[in-house]
Amino acid sequence: MSNRLSGKVALITGGSSGIGRGIAKRFVAEGAQVAVIGRDERRLRELKNELGENLQTMQGDVTNHEKLKDMIEDAKNNFGFIDTLVCSAGIGYRLPLQKATLEEFDLTISVNVRSIFDLIRIAEKDLKSGNSSILLISSIAGHVTFTDHVIYSAAKAAVTKMTANFAIDLADKCIRVNAISPGFIETPIFDQRLKQDPDFFKKMGSLVPLKRMGVPEDIANAATFLCSDEASYITGVDLVVDGGYVHQGLLPMKKNQN
Ligand SMILES: NC(=O)c1ccc[n+]([C@@H]2O[C@H](COP(=O)([O-])OP(=O)(O)OC[C@H]3O[C@@H](n4cnc5c(N)ncnc54)[C@H](OP(=O)(O)O)[C@@H]3O)[C@@H](O)[C@H]2O)c1
């Protein structure tokens, strides 16, 4: 690693698992100090044991406004300031239309969308003007249409749109706001699906032009670039990291096939 994030202090929601955890590990390896928010005490403890003093863990629910305020204060007190926010906390599952309830709709929007709006509004005044950035984890589900995913897709389309809006609203403070839309990434979000079908990752990987599922490191690579000073003229983008999935069209053809 090359200390590309040296001197930065990042707050990462959903840092206890999957993509957020991969980003936290990479950011520490690149020289950043990192505070992660999650709910699962065991996962947070394991991560702290692994990453040591450059990592602070905070247990809390991102849908709780007061708790979110306290956790941001805690991180600032611990590291002195915050200049990078990564919003990776999210839930998502396949829900056939007639089984999806209004409660599930409200919960998904609350975790995946409302918490981002809340976090940015609370933290924005504390982010250093001129050298700060925000990264939202959206999804290809906000770009293409999957069966039985209306709630999750609506939430992620909102995240992608919010990225552009926040980028413009915070541009006068030179706070950059970008998103990553991952494709299919091997994380615990698919634990239930894997229990039903142990070949799930293999099957999904075969649908991707690059012929594999992504791993959290693939997203951490893109996140490191977007949150580093190398991306200092990039704001408002939603970078799709999906092995080419969204571009293959509905009828993929074999090479040399008419
Ligand atoms: N994996 C994929 O293929 C994929 C594709 C596109 C987009 N994404 C997006 O990537 C993000 C991360 O997902 P993942 O795949 O890494 O899943 P994951 O392993 O299940 O991680 C989800 C994270 O969100 C946290 N979280 C969920 N609800 C929370 C709440 N109310 N308060 C605080 N933390 C909460 C979890 O914390 P605890 O476990 O500690 O509660 C966990 O750290 C999500 O926004 C997801 O929509 C994933």
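Whatever order the structure lists ligands and atoms in, that order sets their numbers, starting from 1. What you see is a predicted model; the values in this text were computed from it and never measured.
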Do Val159 and Ile137 have side chains that get closer than 4.5 Å, going by heavy atoms? no
So which of Lys48, Arg43, Arg42 actually passes salt bridge (charged side-chain N to carboxylate O under 4.0 Å, His left out) with Glu46? Arg42
For ligand 1, would you mind listing the residues that have at least one heavy atom less than 4.0 Å away, ordered by chain and number? Gly14, Ser16, Ser17, Gly18, Ile19, Gly38, Arg39, Asp40, Arg43, Gly60, Asp61, Val62, Ser88, Ala89, Gly90, Ile91, Val111, Ile137, Ser138, Ser139, Tyr152, Lys156, Pro182, Gly183, Phe184, Ile185, Thr187, Pro188, Ile189, Phe190
Holding to side-chain hydrogen bond (donor to acceptor under 3.5 Å, both in side chains), I want the full list of residues that pass it with Asn78, two or more places apart in sequence or in another chain. Gln56
Taking the side chain as C-beta and beyond, is there a heavy-atom pair between Ile234 and Phe225 under 4.5 Å? yes
Do the side chains of Ile185 and Pro216 get nearer than 4.5 Å, heavy atoms only? yes
Can you check whether Leu119 reaches Cys87 side chain to side chain, under 4.5 Å on heavy atoms? yes
